[in-house]
Peer 1: 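Sharing a structure below in structure tokens format, with a few things to ask.
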Amino acid sequence: MKSTFGLIILSALILFATQIRAQQVASEPSNPDYRTAAQTRDLVKDPLFQRNRITLQLTAGALASHVGIGPETDTFNYTMTNLRLGWMLNTPAMSSHPLDGNVEFIFELSASGIFEGAGNYLVGPTALIRYNFVQPNWVVTPYIQVGAGLTFTDASDDQSQRAIGQELEFTPQASIGLKYQVADNWTFDGEFIYHHISNAGLSDRNLGINALGGMIGFTYYFDRLWD
């Protein structure tokens with residue numbers, strides 16, 4: 001459990017540092033790489049990453065336990081489908097610095113089917129913070145994200161396992177991904193995800209699940225609804 005929250009804290013610090021760097025660039029008009037918002041729109045043919053732009057992402061994939069993280073538990077493998085509604089919080093400075101980008105808040109609804117291990121399903125909401133590494137005229141955008149949520153599952157009904165002890169569990173997680181622009185308002189997305197499931201000691205059974213997996217999907221970028 002300590003390693004899980006250590007990973008979440010490290011990822012959050014990276015997000016914080018990159019956001020500070022973006023603000024520093026934006027506050028230095030003498031920087032030759034600096035771009036105003038208007039110049040950014042001229043520089044990039046169709047800027048997907050702008051303040052107050054709303055996104056809708058659908059991803060699907062599979063995750064597997066027994067990845068060498070945390071205590072050894074019974075096998076727990078599952079598919080995952082995520083519907084994510086995102087909100088861009090800032091417009092990138094669009095300098096040449098490799099850490100420039102923008103922050104996106106995401107609300108996610110996740111549904112998983114357990115195909116090996118106790119139980120049948122995992123369903124619940126998650127809040128995520130994503131940092132998109134945005135560079136001028138790139139069609140591929142890397143990102144990192146961290147978050148936590150809740151999941152409801154019937155896996156706890158199986159008394160023979162010690163990993164999941166109650167119907168309501170917590171799901172801290174972290175991901176790295178890539179977005180490839182395939183049309184004016186569309187990207188094709190690939191993501192590698194670390195997903196943890198546990199109940200923070202609220203139940204006697206709480207060995208937890210640590211799973212790794214891959215996701216693919218698409219994102220649609222709505223036009224800005226307000227400035």
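Everything numeric in this text was worked out from a predicted model, so none of it was measured. Reckoned from all heavy atoms, side chains included, excluding hydrogens, waters and symmetry mates.
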Peer 1: Flag the pair Trp87 / Phe105 as yes when their ring centroid distance falls below 6.0 Å, and as no otherwise.
Peer 2: no
Peer 1: For residues Phe188 and Phe218, establish whether the separation of their ring centroids is below 6.0 Å.
Peer 2: yes
Peer 1: Could you state whether Leu89 and Tyr131 fall into the same hydrophobic cluster, counting links through intermediate Ile, Leu, Val, Met, Phe, Trp or Tyr residues with side-chain heavy atoms under 4.5 angstrom apart?
Peer 2: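 Leu89 and Tyr131: one cluster.
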Peer 1: Going by distance alone, is a donor N or O of one side chain under 3.5 Å from an acceptor N or O of the other, for Thr55 and Glu104?
Peer 2: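 Checked: Thr55/Glu104 side chains pair up, N/O donor to acceptor below 3.5 Å.
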Peer 1: Could you check whether Asn210 and Tyr194, counting side-chain N and O atoms only, form a donor-acceptor pair closer than 3.5 Å?
Peer 2: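 Yes.
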Peer 1: Using modelled atom types only, decide if a donor and an acceptor are shared between the side chain of Glu108 and the backbone of Ser110 within a distance under 3.5 Å.
Peer 2: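 Absent.
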Peer 1: Measure the OG-CG distance between Ser160 and Asp74 for me, rounded to the nearest 0.5 Å.
Peer 2: 6.5 Å
Peer 1: Rounded at 0.5 Å granularity, tell me how far CE in Met88 sits from CZ in Phe49.
Peer 2: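 Reported value, rounded in 0.5 Å steps: 5.0 Å.
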Peer 1: Any donor and acceptor pair, going by atom type alone, linking the side chain of Thr153 with main-chain N or O of Leu122 inside 3.5 Å?
Peer 2: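 No, Thr153 side chain to Leu122 backbone: no donor-acceptor pair under 3.5 Å.
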Peer 1: Got a salt bridge between Arg84 and Glu191, using NZ or NE/NH1/NH2 to carboxylate O under 4.0 Å?
Peer 2: yes
Peer 1: Hey, could you give me the CD/NE2 distance between Glu169 and His196, rounded to the nearest 0.5 Å?
Peer 2: 8.5 Å
Peer 1: Return the OH to CG distance between Tyr220 and Asp184, rounded to the nearest 0.5 Å.
Peer 2: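 Separation between the atoms: 9.5 Å.
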Peer 1: If you measure only the distance, is there a donor-acceptor pair under 3.5 Å linking the side chains of Asp189 and Gln57?
Peer 2: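 The answer is yes; a qualifying pair exists.
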